[in-house]
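Step one of this worksheet: look at the structure below.
Letters go in sequence order (proteins before strands), and every chain restarts at 1.
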Amino acid sequence: MTEQKQAAEHPAHPGQPIITFDKVNKWYGNNFHVLRDINLKVARGERIVICGPSGSGKSTLIRCINRLEEHQEGHIIVDGTELTDDVKAIEKIRKEVGMVFQQFNLFPHLTVLENLTLSPMWVGKMPKKDAEERAMTQLKRVRIAEQANKYPLQLSGGQQQRVAIARALCLTPKIMLFDEPTSALDPEMIKEVLDVMIELAKGGITMLCVTHEMGFAKAVANRVIFMDQGQIVEENDPHEFFNNPKSDRTKDFLSKILGH
Amino acid sequence: MSAVFQPIAARPAPVKLEGFVPWVRRNLLSNWRNTLTTVLAGALIIYWAPTIVNWLVLQAIFKPSAEACQAARGVGACWGVVAEKYRLIIFGRYPYEQQWRPEVATLLLLGMLIVSCMRAFWKPWLGAVWVAGLAAFFALMIGGVMGLEVVPTDRWGGLPLTIMLASLSIIFAFPLAILIALGRRSGLPAIRTFCVIYVELIRGVPLISVLFMASFMFPLFMPPGLSIDVLIRVLVGITLFAGAYMAEIVRGGLQAIPKGQIEAAQSLGLSYWQTQRKIVLPQALALVIPGIVNNFIGIFKDTSLVTIVSLYELTGALGLALNSDADWRPFKIEGYLFITAIYFVFCFSMSRYSLWIEKQVNVSKTR
């Protein structure tokens, strides 16, 4: 924890990067080249926002980090472990990486509490009582403790997404991945989820977030990455990125999403 | 904004919707077509009902007397055939003085089945109960222990055999079906191909030929001196057959689970088997309960086909009881009605159970 805090305070001198993409290429099928020569180093405690048009490969990029997608060329190293076909390595990395999905993907047949204790009990081999204690701590953190015994479908979208964040946090991950966490939400529910994410960012955890919430990017990101057609077109700190975009493609994209 | 308050007319009081008369009016006489159907159906019932009630009850012979039954032929049913032959129909060729053994054993089996149907008892110890219970069941049926006379399996018959064959093949076929269904979706080509071949091969032949092969052809390929009991061979045959059909039902359920569920489980670090057991199967099986129970009911009735290999379960035992007895042979239809009622009780219970358990596992979907 202290290590993470220090990293958060000195994002410019993070030491070893926690995630490294080295010339990563990925194809879907034989001809759709979804990631092209991705090089990316993420420092400990860094908070990165990834944006870009749909189909640009931004979701695929972060899904490669916990091996929901396989890459075909290049190397991805997460916290000192390279992602290969080695199941042990994948298991180790998945314990350190939490993920939040656009469609929440809560388990509808389990209560909120059971959703949260599942992984600590079965992956972390934690006794039920400890797992429940930890789950309640995380539920309080996302301000939804009173819903612990309900089923996911009995909650609103915003509540479900906060439960999903709490569930990912129950493994005490070093890295959190957010894949368009607010895109499936009603406008009035977006804020409650973003508030939780901002609070999380203050805690110093490494965050990669695919989102078009530019206010969120300005508020928490150390770096904004713009992707198009499988490539990282531009990366910069949020202030420069929004006020002084370098490439025309970025300017065009920003004018579309900020235009009204 | 100075609109004057204008009260709208009060709505009429609701029409009484409960009770017999409103029910009849709503369901039977709502328009002229329904009224006509009701009248026609009513006329048919009034025309036929006395004949049926007469035959079934009023003119029926209940005492086991062949002469009385002969006299009442065509007028009243002969339930005397059941009174006379029920031991043979229910227990088949099991030795007469020993028939308490299948009775106790079957009650034990039914007890375990009922307990296993309740969610409150879905605990690890249930498996141990089954092992012990089945050991007791076979000890009672076969004998040879605690001074019980040995009864070879070809003497088993009637309802105990039906229940035993149906419940054991269901119990073995269900997990088999799950494994085959998972196998058909496996990423390993060898496993996938094996499962596809198994399902297509078994589905491609009728149960009768599977039983026939299990009973008559299988022993030809066994080394001399080594033989497996025909009951076990038939049980394996029914299990493999039912497993193939059920596997396809389960696979349908597996396909209905969104990919996001599996991705979420993976991202939480769950292994393949943990994901299947904790996330995919509970949801998939809940979806296909109607299809699975449909299959269970089918298996229960399909056990009547084992007569082909000289195992006299309930249907076979009825033939056994009546075919060789010229006095009672004419009253086979009453015998069939009797076992029909038995089959119905079991199948209807399964269908009701299916509805109940569906509600139980779907609590999470109610808002």
Side-chain angles (χ1 to χ4, degrees), chain A residues 59 62-63 65-70 85 87-88 90-112 114-125 149-156 163-164 167-173 175-179 184, chain B residues 119-120 122-124 178 181-182 185-191 250 252-292 354 356-367:
Chain A
S59 287
I62 67 165
R63 286 159 60 89
I65 295 170
N66 63 352
R67 196 67 168 185
L68 290 184
E69 304 284 354
E70 289 175 28
D85 287 331
V87 180
K88 285 266 172 297
I90 296 172
E91 275 175 14
K92 173 178 174 285
I93 287 168
R94 281 181 180 163
K95 275 186 217 170
E96 294 179 6
V97 179
M99 185 160 200
V100 177
F101 299 85
Q102 182 178 0
Q103 300 295 343
F104 328 138
N105 293 350
L106 294 175
F107 306 129
H109 62 301
L110 302 177
T111 64
V112 166
E114 286 164 343
N115 263 278
L116 266 71
T117 54
L118 184 76
S119 180
M121 280 171 65
W122 291 90
V123 181
K125 307 283 174 220
N149 292 314
K150 285 198 180 166
Y151 285 97
L153 294 181
Q154 295 167 329
L155 307 182
S156 73
V163 171
R167 180 177 71 177
L169 290 171
C170 274
L171 274 182
T172 54
I175 304 164
M176 279 290 279
L177 308 175
F178 293 86
D179 189 0
Chain B
R119 262 188 131 191
W122 293 358
K123 299 273 157 61
I178 291 174
L182 290 174
R185 290 160 54 91
S186 162
L188 305 169
I191 293 179
V250 174
L254 294 177
Q255 276 171 346
I257 303 306
K259 207 164 159 252
Q261 291 287 306
I262 296 162
E263 286 176 352
Q266 286 177 337
S267 78
L268 288 169
L270 269 67
S271 68
Y272 173 81
W273 287 108
Q274 285 172 335
T275 306
Q276 301 304 327
R277 203 178 129 215
K278 292 278 155 192
I279 306 303
V280 178
L281 285 173
Q283 297 184 63
L285 296 180
L287 283 175
V288 294
I289 287 172
I292 288 181
S354 145
W356 179 78
I357 196 77
E358 237 177 282
K359 261 188 214 138
Q360 294 281 304
V361 298
N362 284 338
V363 269
S364 61
K365 297 215 178 87
T366 51
R367 279 157 196 270

(Q) List the residues meeting side-chain hydrogen bond (donor to acceptor under 3.5 Å, both in side chains) with B:Thr275, not counting sequence neighbours, and say none if there are none. (A)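 Expected list: none.
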
(Q) For B:Gln274, which atoms come within 4.5 Å of any heavy atom of chain A: side chain, backbone, both, or neither? (A)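 Just its side chain gets close to chain A.
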
(Q) Under 4.0 Å between a side-chain nitrogen and a carboxylate oxygen: does that hold for A:Glu91 and A:Lys95? (A) no

Between [options], who has the most heavy-atom pairs with chain B when the cutoff is under 4.5 Å?
options	value
A:Gln102, A:Arg167, A:Gln103	A:Arg167
A:Arg63, A:Arg67, A:Arg94	A:Arg94
A:Leu177, A:Val97, A:Leu118	A:Leu118

Q: Could you look at A:Leu106 and say if it's the side chain, the backbone, both or neither that has a heavy atom under 4.5 Å from chain B?
A: backbone

Q) Contact part of A:Phe107 toward chain B, heavy-atom cut-off under 4.5 Å: side chain, backbone, both or neither? A)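 Interface part for A:Phe107: both.
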
**Q.** Donor + acceptor pair across side chains of A:Asp179, A:Ser59 (<3.5 Å)
**A.**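 The criterion, which ignores hydrogens and geometry beyond distance, is satisfied for A:Ser59 and A:Asp179.
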
Q) When rounded to the nearest 0.5 angstrom, what distance separates CD1 in B:Ile257 from NE2 in A:His109? A) 8.5 Å

Q) Who passes salt bridge (Lys or Arg N to Asp or Glu O under 4.0 Å) against A:Glu114, sequence neighbours left out? A) none

